[in-house]
Amino acid sequence: MNKLLSTYGCTKFPFSKEIAPAEMFRTEILRNARELLIATLEGRSCAVITAESGCGKTCLWRAVENDLPQGRYRIHYLHNSTVNRRDFYRQISMAMGLEPRSSYSALFASVSQHIGELASQHKLRVVLALDEAHLLPIQVLEQIHLILNYERDSKPWLSIVLIGLPPLRETLKRNVMASLMARFPCRIDLAPLDPEQVKDYLRHRMTTAGCKREIFADDAMLLIAKATSGIMRRIDVLAEQCLLVALPSRSQLVDASVVHKAIQLCGDALL
């Protein structure tokens, strides 16, 4: 893999998952989503982020988390959503460093008290980001309404961000969720990249990695856009394979023929 770096003039792997928030690709939609989400949390409200897998939901959250002043916020990210009501509060309790409790009622009381103390005594804003939220059972989603209720519903001491696949939108449209959704005024839905954005994305990732020349031909980028449906995670997988396929060639240029070979090698990874 060191040969890949030297051949393309990169200082790091261009399509790695390990990308700093400041170097993340930003379309106008992603910039607007980032600004809207930050404004929502600054306003002590709640949000829902939905998108197909690989479209940048978690990356968006990482960027927002990086932008929020750490001295004013206590942010907790939970990604295991296949839990029951008690384990939901147990996860939150563990993330907050609280003493574990055995019963649901004790866990609920401990978490609620801790959030209230952080907000009222230390002036800290508590944010819970619940990833894979489309997997949350209805019984757990109903708990969100309860945990947001402070001082007879007069104190916005907790913000919750639900992050999940599109089925989350359908779940939240159910009549039983009407009261909960009134508390989530910010709804963000991230779409895949269009062909022009895919071109910009490929160039951005190569440039950010240190490459100073064009590697992907226009016909290659259009084919990558079609093969990946504009989903960034798939683009990363296919683009890296393209670089490896082109490596032995004299030009090291990625054209349509290279992409066709890379697609065959990627197989199910693009599904």
Between [Y] and [X], do the side chains contain a donor N or O and an acceptor N or O under 3.5 Å apart?
| X | Y | value |
| --- | --- | --- |
| Tyr73 | Glu65 | no |
| Glu117 | Gln113 | yes |
| Thr58 | Asp131 | yes |

Is a donor on one side and an acceptor on the other found under 3.5 Å between the side chain of [X] and the backbone of [Y]?
| X | Y | value |
| --- | --- | --- |
| Arg34 | Trp61 | no |
| Ser159 | Ser45 | yes |
| Ser229 | Ile231 | no |
| Thr11 | Ala209 | yes |
| Arg44 | Leu41 | no |
| Asp255 | Val258 | yes |
| Ser16 | Phe13 | no |
| Ser110 | Ala106 | no |
| Ser81 | Glu132 | yes |
| Gln70 | Leu68 | yes |

So do [Y] and [X] actually touch side chain to side chain, heavy atoms under 4.5 Å?
| X | Y | result |
| --- | --- | --- |
| Met206 | Cys10 | yes |
| Leu253 | Ser249 | no |
| His260 | Cys242 | no |
| Val126 | His76 | yes |
| Leu128 | Tyr77 | no |
| Ile235 | Leu193 | yes |
| Met181 | Lys173 | no |
| His114 | Leu118 | yes |

[atom1] of [X] to [atom2] of [Y]: how many Å apart, nearest 0.5 Å?
| X | Y | atom1 | atom2 | value |
| --- | --- | --- | --- | --- |
| Leu36 | Ile29 | CG | CD1 | 13.0 Å |
| Arg86 | Ser93 | CZ | OG | 12.0 Å |
| Leu37 | Asn32 | CG | CG | 12.5 Å |
| Gln143 | Leu136 | CD | CG | 11.5 Å |
| Lys57 | Ile163 | NZ | CD1 | 8.5 Å |
| Leu135 | Leu130 | CG | CG | 12.0 Å |

Take the angle between the ring planes of Phe25 and Tyr201 and call it parallel below 30°, perpendicular above 60°, tilted in between.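 Taking Tyr201 first and then Phe25, their aromatic rings stand perpendicular (interplane angle over 60°).
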The test is side-chain contact (heavy atoms from CB on, under 4.5 Å); show your working for Thr82 and Asn80 and say whether it passes. CA-CA 6 Å; Thr82 55; Asn80 181 10; 3.1 Å; yes
Is it true that [X] and [Y] have a side-chain N and a carboxylate O under 4.0 angstrom from each other?
| X | Y | result |
| --- | --- | --- |
| Glu52 | Arg233 | no |
| Arg101 | Asp87 | no |
| Arg31 | Glu28 | no |
| Glu214 | Arg203 | yes |
| Asp236 | Lys17 | no |

[X] with [Y], same ILVMFWY side-chain cluster at under 4.5 Å:
| X | Y | result |
| --- | --- | --- |
| Ile215 | Leu202 | yes |
| Ile19 | Val64 | no |
| Ile147 | Val48 | yes |
| Val140 | Ile138 | yes |
| Phe216 | Leu4 | yes |

Step by step, would you call Lys123 with Arg72 a side-chain contact (heavy atoms from CB on, under 4.5 Å)? CA-CA 7 Å; Lys123 309 303 178 185; Arg72 290 166 46 201; over 6 Å; no
Chi angles and distances behind the side-chain contact (heavy atoms from CB on, under 4.5 Å) call for Arg125, Trp157: CA-CA 6 Å; Arg125 303 182 183 184; Trp157 285 343; over 6 Å; no
Name the residue from Leu172, Ile49, Thr171 that meets the side-chain contact (heavy atoms from CB on, under 4.5 Å) definition with Leu162.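 That would be Leu172.
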Start with the C-alpha distance between Arg205 and Glu23, add both sets of side-chain angles, then the distance that settles salt bridge (charged side-chain N to carboxylate O under 4.0 Å, His left out), and finish with yes or no. CA-CA 9 Å; Arg205 294 301 300 266; Glu23 296 179 345; over 6 Å; no
Relative to Tyr104, does Arg85 satisfy both conditions: NZ or CZ under 6.0 angstrom from the six-membered ring centre, and within 45 degrees of the ring's axis?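 Output yes; distance and angle both within limits.
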So, for Pro100 and Arg90, which heavy atoms are closest and what is the spacing to 0.1 Å?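 Pro100 and Arg90 have their closest heavy atoms at CB-NH1, 4.4 Å.
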Begin with the C-alpha distance, continue with both residues' side-chain angles, and end with the deciding distance and a verdict on side-chain contact (heavy atoms from CB on, under 4.5 Å) for Met177 and Leu141. CA-CA 8 Å; Met177 294 287 103; Leu141 285 170; 4.0 Å; yes
Partners of Phe88 by ring-ring contact (aromatic ring centres under 6.0 Å, His included), sequence neighbours excluded?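 Residues passing ring-ring contact (aromatic ring centres under 6.0 Å, His included) with Phe88: none at all.
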Lys261, NZ atom: more than 12 neighbouring heavy atoms under 6.0 Å: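 Open.
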